[in-house]
Number of protein chains: 2
Amino acid sequence: VSQPPTQSSFSSVRWDGDAVVVIDQRRLPAALVEWRLAAVADVCEAIRTLAVRGAPAIGITGGYGMVVGLDEARPAGVTDAHAELARLEASIGAVRPTAVNLSAALGRVREAAERSGATTPADVRTAALAEAVAIHDEDRAACAAIGEHGRQLLGQKRRLLTHCNTGRLATAGDGTALAIVYALQAAGAAPSVLATESRPLLQGSRLTAWELGAAGVDVRLIADSAAGPAMAQGLVEAVLVGCDRVAANGDTANKIGTYALAVLARQHGIPFYVAGPLSSFDAATESGAAIVVEERDPDEVRRFAGALSAPPDIPVWNPAFDVTPAHLIDAFVTEVGVLEPPFGTSIRRALASGGEVDAAAAPVTVG
Amino acid sequence: VSQPPTQSSFSSVRWDGDAVVVIDQRRLPAALVEWRLAAVADVCEAIRTLAVRGAPAIGITGGYGMVVGLDEARPAGVTDAHAELARLEASIGAVRPTAVNLSAALGRVREAAERSGATTPADVRTAALAEAVAIHDEDRAACAAIGEHGRQLLGQKRRLLTHCNTGRLATAGDGTALAIVYALQAAGAAPSVLATESRPLLQGSRLTAWELGAAGVDVRLIADSAAGPAMAQGLVEAVLVGCDRVAANGDTANKIGTYALAVLARQHGIPFYVAGPLSSFDAATESGAAIVVEERDPDEVRRFAGALSAPPDIPVWNPAFDVTPAHLIDAFVTEVGVLEPPFGTSIRRALASGGEVDAAAAPVTVG
């Protein structure tokens with residue numbers, strides 16, 4: 001019997017024998033409740049509505065979702081089981097096309113099952129589940145390594161600005177950009193964080209402010225548009241963001257607003273760091289020009305919590321992400337180390353390393 | 001008997017014999033209703049809560065508010081009447097310190113009464129009201145001239161981005177930045193406007209989207225943080241904003257988020273124009289460093305329409321304005337013409353011109 005989640009102990013996503021259980025992040029900060037996803041329709045709905053979000057957490061949920069789908073389909077034989085996994089890969093992957101972690105996790109689970117040499121549907125399921133668990137475990141380890149590498153990269157910098165939510169709610173571990181904050185805190189370095197509210201879905205207000213506050217980190221919330229004067233007034237020593245998809249050249253798709261922060265950081269001479277596991281890097285995407293950016297429901301901008309904040313029929317342009325060109329990024333913080341420019345080279349070398357996690361204190365600079 | 005306001009016919013502020021009547025802009029876009037301010041406490045409350053907002057509209061409301069205050073005080077003699085006006089100038093002016101229009105209007109009304117040579121309290125009131133009406137009339141004329149000068153400045157540019165609300169709700173006329181949009185529309189030039197929602201108080205969503213939509217202008221709403229990719233994708237040919245206070249050197253205080261838009265516009269080679277009447281220029285403020293920026297209630301960022309969007313006790317940094325340095329501004333559009341760099345010179349010359357309105361077609365370039 002599992003305990004209800006608490007502020008000091010929760011899992012953004014976990015496997016529960018025959019279902020994926022996620023924190024329903026739409027309910028935060030008002031309520032911390034789980035949602036048990038025992039059908040593929042629920043898995044897709046949870047991903048589509050951002051009940052579960054954060055590129056790594058979406059990947060993990062999708063991986064387990066393949067097993068949920070297999071259980072639902074009850075394939076009669078091994079061939080049917082593999083065909084079902086291929087169908088699930090396509091249908092779940094279509095729900096959120098921008099983050100590469102989702103499609104990568106789905107592909108890994110399907111391929112692992114195919115490679116397993118399973119001779120029964122039950123064996124196919126066992127292989128699929130093992131791969132989903134591996135993805136989950138790898139993410140937890142990657143978060144820890146990212147935190148440690150980032151902590152060392154920051155040196156004496158303590159005044160940080162972050163965007164969206166890239167923490168314990170977005171991953172299986174301490175997060176990506178926020179793992180660095182938690183690593184500083186664990187080392188007694190007392191980080192101080194400005195969190196943008198991250199319109200339209202307010203992941204900064206609802207999630208980052210909540211989880212950093214719950215963890216006892218010094219955090220202040222700002223409107224997205226207040227980041228400029230915060231930098232101009234010297235309140236920011238480094239910007240830390242996550243990533244939904246990094247192209248082979250370092251161009252990075254991330255939550256809408258990331259690009260403006262990168263431009264502002266460069267204008268003020270403030271380092272701009274992107275944190276993420278290698279599973280967020282996509283060697284098959286040459287540059288940002290090839291990244292599909294989702295446009296989401298206009299009502300995300302027109303309404304909040306059911307209340308109208310704009311004329312109900314006003315046209316809206318609501319891209320969920322933007323693309324920050326590599327030249328505005330000072331470094332990537334990954335589980336294998338800090339990647340420096342030129343990113344075409346450092347990203348290729350990092351991906352070729354096989355993603356072996358170096359959780360030791362010394363960061364591996366893949367420059 | 002006055003008619004209720006309608007979408008096609010409303011006055012943001014009007015004098016009604018013994019009270020100022022304003023549109024309660026907090027209720028928009030859900031309801032278009034007026035609020036009759038028959039006591040100074042109401043005048044201050046309306047300005048403080050942004051029921052009436054926009055630097056010019058606040059100045060006009062404050063000017064009439066002096067008369068409301070005089071009626072309330074019922075001074076026994078002329079000396080008492082002048083003393084009361086001085087008290088009102090201080091108390092109403094303290095409500096919103098950033099916009100210069102408010103303090104300038106209050107000062108004009110007090111001084112006009114003093115200069116009038118009034119020999120009875122009733123004559124003091126007559127002189128004060130005449131000056132408030134003059135401020136109101138001048139703003140209406142300034143809006144028309146700004147619109148026309150801005151229209152010519154834009155040349156063939158039609159794809160515009162604007163921030164906050166600078167239109168018919170913010171002034172006595174067609175607005176400042178939005179007057180340019182309306183002038184294009186009147187000339188059959190079909191402008192296309194991206195309106196930022198303008199967190200935290202959503203003047204873009206609630207007011208600009210509403211008034212441009214009601215006027216039949218092609219308008220699309222975006223999150224503040226979507227301005228960067230909009231510029232990167234070529235959706236913006238010019239940025240038009242208003243101003244709350246322009247320093248002698250051209251540094252400009254305006255709604256939080258203006259600075260980031262100026263940095264982004266420069267990054268993309270997009271002209272950044274600030275529109276405002278000379279009453280928003282403050283020769284006594286040398287540079288932006290001397291501008292007091294109001295910090296507002298944290299709950300503006302933590303809540304929307306009563307609903308919690310963040311932990312209720314999370315610390316917030318909520319500056320209402322930011323300061324855009326003059327070097328990021330390509331031109332000011334005023335009622336006397338377009339002011340070009342170096343702004344120290346062009347602003348001084350414009351203010352020395354006595355603010356004579358040139359509503360003729362040809363813009364006076366005070367370069």
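Proteins get letters first, then strands, A, B, ... in listed order; numbering begins at 1 in each.
- Listed options Arg220(B), Met231(B), His163(B) were ranked by heavy-atom pairs under 4.5 angstrom with chain A; first place goes to Arg220(B).
- Listed for the Thr166(A) side chain is a donor-acceptor partner under 3.5 Å among the backbone atoms of Leu178(A).
- No other option in Thr324(B), Val301(B), Leu207(B) has as many heavy-atom pairs under 4.5 Å with chain A as Val301(B).
- Distance alone, capped at 3.5 Å, places no donor-acceptor pair between the Thr162(B) side chain and the Ala195(B) backbone.
- When each of Ala227(B), Ser198(B), Ala310(B), Pro319(B) is scored by its heavy-atom pairs under 4.5 Å with chain A, the top score falls to Ala310(B).
- Of all heavy-atom pairs spanning Pro191(B) and Leu160(B), the tightest one is CB-CD1, 4.3 Å.
- Between Trp210(A) and Phe10(A), the angle of the ring planes lies from 30° to 60°, which puts this pair in the tilted group.
- The main-chain N or O of Arg199(B) is found under 3.5 Å from a side-chain atom of Asp224(B) such that the two form a donor-acceptor pair.
- Listed here is the closest heavy atom pair of Leu169(A) and Gln25(A): O-NE2, 2.7 Å.
- When every heavy atom of Thr49(A) is checked against every heavy atom of Arg26(A), the shortest pair comes out as OG1-NH1, 3.3 Å.
- Residue Ala214(A): no heavy atom, backbone or side chain, is found under 4.5 Å from chain B.
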Point to revise | Asp322(A)/Val293(A) under side-chain contact (heavy atoms from CB on, under 4.5 Å): CA gap, chis, key distance, verdict | key: CA-CA 7 Å; Asp322(A) 56 29; Val293(A) 170; over 6 Å; no
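- Most heavy-atom pairs under 4.5 Å with chain A, from the set Val219(B), Leu28(B), Leu202(B): that is Val219(B).
- Listed here is the closest heavy atom pair of Arg53(B) and Cys164(B): NH2-SG, 4.1 Å.
- Of all heavy-atom pairs between Gln203(B) and Lys255(B), the closest is NE2-NZ, 3.7 Å.
- Along residues 259-275 of chain A, the residues that come nearer than 4.5 angstrom to chain B, judged on non-hydrogen atoms, are Tyr259(A), Ala260(A), Val263(A), Leu264(A), Gln267(A), His268(A) in order of number.
- Residue Ala30(B): no heavy atom, backbone or side chain, is found under 4.5 Å from chain A.
- Residue with the most contacts toward chain A among Ser309(B), Gly213(B), Gly228(B): Ser309(B) (heavy-atom pairs, distance under 4.5 Å).
- By the 6.0 Å and 45° rule, Arg245(A) does not stack over the aromatic ring of Phe321(A).
- Below 4.5 Å, heavy atoms of chain B meet heavy atoms from Gln233(A), Leu235(A), all part of residues 233-243 of chain A.
- For chain B, the nearby part of Pro29(A) is the side chain; its heavy atoms alone come within less than 4.5 Å.
- The 12-atom threshold is not exceeded at CD of Glu286(B), counting heavy atoms of other residues, nucleotides or ligands nearer than 6.0 Å.
- Comparing Pro311(B), Gly204(B), Ala232(B) by heavy-atom pairs within less than 4.5 Å of chain A, the highest count is held by Pro311(B).
- Nearest heavy-atom pair across Ala247(B) and Ile291(B) is CB-CD1, 4.5 Å.
- With a 4.5 angstrom heavy-atom cutoff, Ile314(A) touches chain B only via side-chain atoms.
- Side chain of Thr252(B) to main chain of Gly250(B): a donor-acceptor pair is present (N/O by atom type, distance under 3.5 Å, no hydrogens or angles).
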